[in-house]
Amino acid sequence: MGNRMEVTITKGDLTDKLKSKYFIVILSNEENLKKCINNNVAGFPETDNGIWAYLDIRRGDYISFYYNGRIFNLYKVEKKYIPYEFKNKKGMGSEEYDPVALPNNQKWKAISTKKGKIYFPYRLSLSLIKETNFETSLIFKDGFERFGINLVPRAGLKKSHFQLSIIDIKKVFSIENVSITRSAFTLSDFVEIAKRMFSNISSFSIRDLTNKEIFLQSLIKRVLEASINKYAGIFNIETYDNFEFLSEQTVYGGEADIVIANEAKNIAFIEVKNGSILNKKGELTKVGKEAYEQVKSYKDVINPNKKIKKFIAGKRKIENDTLLKIIEKEDINVIEINTEFNVT
């Protein structure tokens with residue numbers, strides 16, 4: 001398994017702007033849905049999936065709410081925030097309702113668990129772009145296949161969100177020109193979360209920001225989007241202007257942790273593991289072999305015969321100021337992010 005090409009990405013290479021994305025936010029409680037709509041606010045719970053959603057969705061992105069087979073409204077994210085009351089404490093307690101009120105003084109109903117009540121500290125301020133009045137399910141709407149493919153396996157898994165192509169906004173809401181925000185790379189939201197987890201640390205590395213695999217997925221996706229100019233040649237496509245970077249997508253064979261699409265069509269599947277992919281000799285570790293076996297079986301759901309680039313990604317200590325490496329091997333592409341890279 002020899003190397004064919006190696007790309008090294010440093011902080012100075014993160015020059016590509018991050019483009020607006022479109023997410024579906026899943027709610028399981030109609031009372032809370034109505035309060036989200038009344039207040040133009042979305043909230044995610046004090047769970048790993050809740051934090052993942054907060055990290056994945058950025059200012060300038062679009063979201064819609066999903067509840068009971070229906071999509072509600074199209075919003076633009078104006079701000080991400082954690083209320084002051086939750087800055088130094090977990091969003092958990094014994095009260096029936098989240099103690100931190102919404103703008104109109106309503107309160108979300110807490111999630112009941114055996115360990116107590118879970119609140120919603122991770123919040124998005126929204127502006128309404130378009131109101132919907134869909135009376136039928138959109139799961140199998142023609143041209144909107146990515147929605148149904150991704151919804152079905154997630155609705156029962158307590159996932160808080162999933163991502164669709166920005167092009168799907170045009171299909172669902174009949175909006176011809178979707179305004180795309182382009183913003184500079186930052187990991188400030190990752191640091192915000194890390195400060196809540198490690199209150200005794202003032203300086204953070206990639207290791208501190210990625211103690212969960214789903215957090216690592218979001219971070220690698222963001223780095224890859226901001227540095228596409230460095231490795232776009234792998235795809236043999238003239239321009240990467242229409243590239244999209246999608247979080248966890250359902251594919252034949254499982255869930256690809258990150259998907260790169262061009263003009264809304266999948267061109268790369270990335271399987272992420274929260275460990276080392278290669279050993280010091282450049283050979284696959286046990287974790288790397290596991291990731292390789294997973295991703296090599298993945299096929300596109302819409303077009304199973306489509307040729308898709310396959311990547312496996314992980315993290316390890318890399319000497320010097322390298323942030324991320326992409327190593328093109330004979331039958332797989334390997335991504336490694338530097339655990340020791342200092343973020344603050």
Side-chain angles (χ1 to χ4, degrees), residues 1 3-9 13-23 56 145-146 149-150 162-168 185 213-214 216-274 277-278 284 287-315 323-337:
M1 194 183 277
N3 293 1
R4 294 159 67 182
M5 183 190 78
E6 186 169 315
V7 177
T8 298
I9 293 166
D13 297 317
L14 304 173
T15 56
D16 291 296
K17 299 294 187 184
L18 306 177
K19 297 190 289 188
S20 297
K21 297 169 180 58
Y22 178 42
F23 294 90
D56 231 15
E145 293 88 354
R146 196 184 287 270
I149 289 166
N150 282 285
F162 62 91
Q163 188 179 347
L164 300 178
S165 168
I166 200 80
I167 291 173
D168 287 326
F185 177 88
E213 193 171 288
I214 46 181
L216 181 63
Q217 290 173 24
S218 284
L219 194 147
I220 288 177
K221 184 182 79 161
R222 198 177 294 184
V223 171
L224 289 176
E225 182 176 6
S227 59
I228 182 63
N229 65 89
K230 288 281 290 186
Y231 64 91
I234 291 175
F235 297 103
N236 297 316
I237 294 173
E238 285 186 15
T239 175
Y240 52 85
D241 289 349
N242 295 315
F243 275 26
E244 285 186 89
F245 292 77
L246 303 162
S247 301
E248 197 179 82
Q249 300 283 296
T250 299
V251 298
Y252 272 138
E255 305 285 335
D257 294 325
I258 303 168
V259 170
I260 303 175
N262 182 38
E263 296 180 342
K265 293 181 174 60
N266 298 336
I267 60 171
F269 295 154
I270 304 171
E271 181 64 28
V272 178
K273 295 294 180 186
N274 205 15
I277 296 296
L278 299 176
L284 291 179
V287 169
K289 288 175 182 176
E290 181 185 327
Y292 175 72
E293 290 300 320
Q294 281 182 263
V295 80
K296 77 174 186 179
S297 67
Y298 292 168
K299 293 181 180 180
D300 190 83
V301 174
I302 306 296
N303 182 3
N305 297 318
K306 181 180 172 66
K307 192 159 179 154
I308 304 278
K309 288 274 186 188
K310 307 286 180 66
F311 294 76
I312 51 179
K315 63 183 186 183
L323 171 57
L324 182 140
K325 275 187 177 182
I326 301 175
I327 303 161
E328 189 181 23
K329 292 185 173 287
E330 288 174 10
D331 58 349
I332 195 71
N333 300 286
V334 176
I335 297 168
E336 295 184 302
I337 198 162

Review point. Without hydrogens or angle criteria, can the side chains of Tyr292 and Asp331 be said to hold a donor-acceptor pair below 3.5 Å?
Key: yes

Study note, to complete from the structure: So CD1 of Ile335 and CD1 of Ile220: to nearest 0.5 Å the spacing works out to 6.5 Å

Point to revise | Student check: side-chain heavy atoms of Phe185 and Thr15 closer than 4.5 Å | key: no

Review point. If you take all heavy atoms of Leu14 and Ser227, which pair is closest and at what distance?
Key: CD2-CB, 4.1 Å

Point to revise | Main-chain N/O of Ile258 paired with Lys221 side-chain donor or acceptor, under 3.5 Å | key: no

Check your understanding: How would you list, by chain and number, every residue that makes a side-chain hydrogen bond (donor to acceptor under 3.5 Å, both in side chains) with Lys315, sequence neighbours excluded?
Key -> Thr210, Asn274

Check your understanding: Between Phe23 and Leu164, is a side chain to side chain contact (heavy atoms under 4.5 Å, CB included) present by the stated rule, with each step listed?
Key -> CA-CA 6 Å; Phe23 294 90; Leu164 300 178; over 6 Å; no

Study note, to complete from the structure: Applying ring pair (Phe, Tyr, Trp, His ring centres under 6.0 Å) to Tyr231 and not counting sequence neighbours gives none

Check your understanding: Taking atom types as modelled and ignoring hydrogens, do the side chains of Ser247 and Asp56 form a donor-acceptor contact shorter than 3.5 angstrom?
Key -> yes

Review point. Using a distance-only test with no angle check, is there a side-chain donor-acceptor pair under 3.5 angstrom linking Asn262 and Asn242?
Key: no

Exercise for review: Give me the ring orientation class for Phe311 and Phe235: parallel if the planes are under 30° apart, tilted from 30 to 60°, perpendicular past 60°.
Suggested key: tilted

Practice item. Look up atom NZ in Lys230 and atom CD1 in Ile9, then write down how far apart they are to the nearest 0.5 Å. Key: 7.0 Å

Review point. Does the side chain of Asn333 come within less than 4.5 Å of Ile327's, by heavy atoms?
Key: no

Review point. Going through the checks in order, is the side chain to side chain contact (heavy atoms under 4.5 Å, CB included) test met by Ile312 and Ile270?
Key: CA-CA 6 Å; Ile312 51 179; Ile270 304 171; over 6 Å; no

Study note, to complete from the structure: Shortest non-hydrogen pair, Tyr252 vs Val301, comes out as N-CG2, 3.5 Å

Check your understanding: Between atom NZ of Lys329 and atom CD of Glu6, what is the distance when rounded to the nearest 0.5 Å?
Key -> 8.5 Å

Point to revise | Lys21 and Glu225: CA distance, side-chain angles, deciding distance, salt bridge (charged side-chain N to carboxylate O under 4.0 Å, His left out) verdict | key: CA-CA 12 Å; Lys21 297 169 180 58; Glu225 182 176 6; 2.6 Å; yes

Practice item. Kindly determine whether Thr8 and Leu324 satisfy side chain to side chain contact (heavy atoms under 4.5 Å, CB included), including the steps that lead there. Key: CA-CA 6 Å; Thr8 298; Leu324 182 140; over 6 Å; no

Practice item. Give a yes or no on whether the backbone of Ile166 and the side-chain of Glu244 come within a donor-acceptor separation of less than 3.5 Å. Key: yes

Point to revise | Over 12 foreign heavy atoms within 6.0 Å of NZ, Lys299 | key: no

Review point. Under a 4.5 Å cut-off applied to non-hydrogen side-chain atoms, are Glu328 and Lys309 in contact?
Key: yes

Review point. Does Leu224 reach the side chain of Ile326, with side-chain heavy atoms less than 4.5 Å apart?
Key: yes

Review point. Looking only at heavy atoms, what is the nearest atom pair of Arg222 and Leu18, with distance?
Key: CG-CD1, 3.6 Å

**Study point:** Nearest-0.5 Å distance, NZ of residue Lys19 to CZ of residue Phe245
**Key:** 8.5 Å

Review point. How long is the gap from CG on Asn266 to CG on Leu246, to the nearest 0.5 Å?
Key: 7.0 Å

Practice item. For residues Ile308 and Ile267, determine if any side-chain heavy atom of one lies less than 4.5 Å from a side-chain heavy atom of the other. Key: no

Point to revise | 4.5 Å side-chain heavy-atom contact, Val7 and Lys325 | key: no

Exercise for review: Could you check if a side-chain atom of Ile277 sits within less than 4.5 angstrom of a side-chain atom of Leu284, using non-hydrogen atoms only?
Suggested key: yes

**Study point:** Test item: Phe162 and Thr250 side chains (from C-beta on) under 4.5 Å apart, heavy atoms
**Key:** no

Review point. Out of curiosity, Asp257 CG to Ile214 CD1, how far, rounded to the nearest 0.5 Å?
Key: 10.0 Å

**Study point:** More than 12 heavy atoms of other groups within 6.0 Å of Lys289 NZ
**Key:** no

Point to revise | Any residue meeting salt bridge (charged side-chain N to carboxylate O under 4.0 Å, His left out) with Glu290, in chain and number order, not counting sequence neighbours | key: Lys273

Exercise for review: Return the minimal non-hydrogen interatomic distance between Glu271 and Val295, and the atom names on each side.
Suggested key: CB-CB, 3.9 Å

Review point. Short question: side chain of Tyr298, backbone of Gly254 - any donor-acceptor pair under 3.5 Å?
Key: no

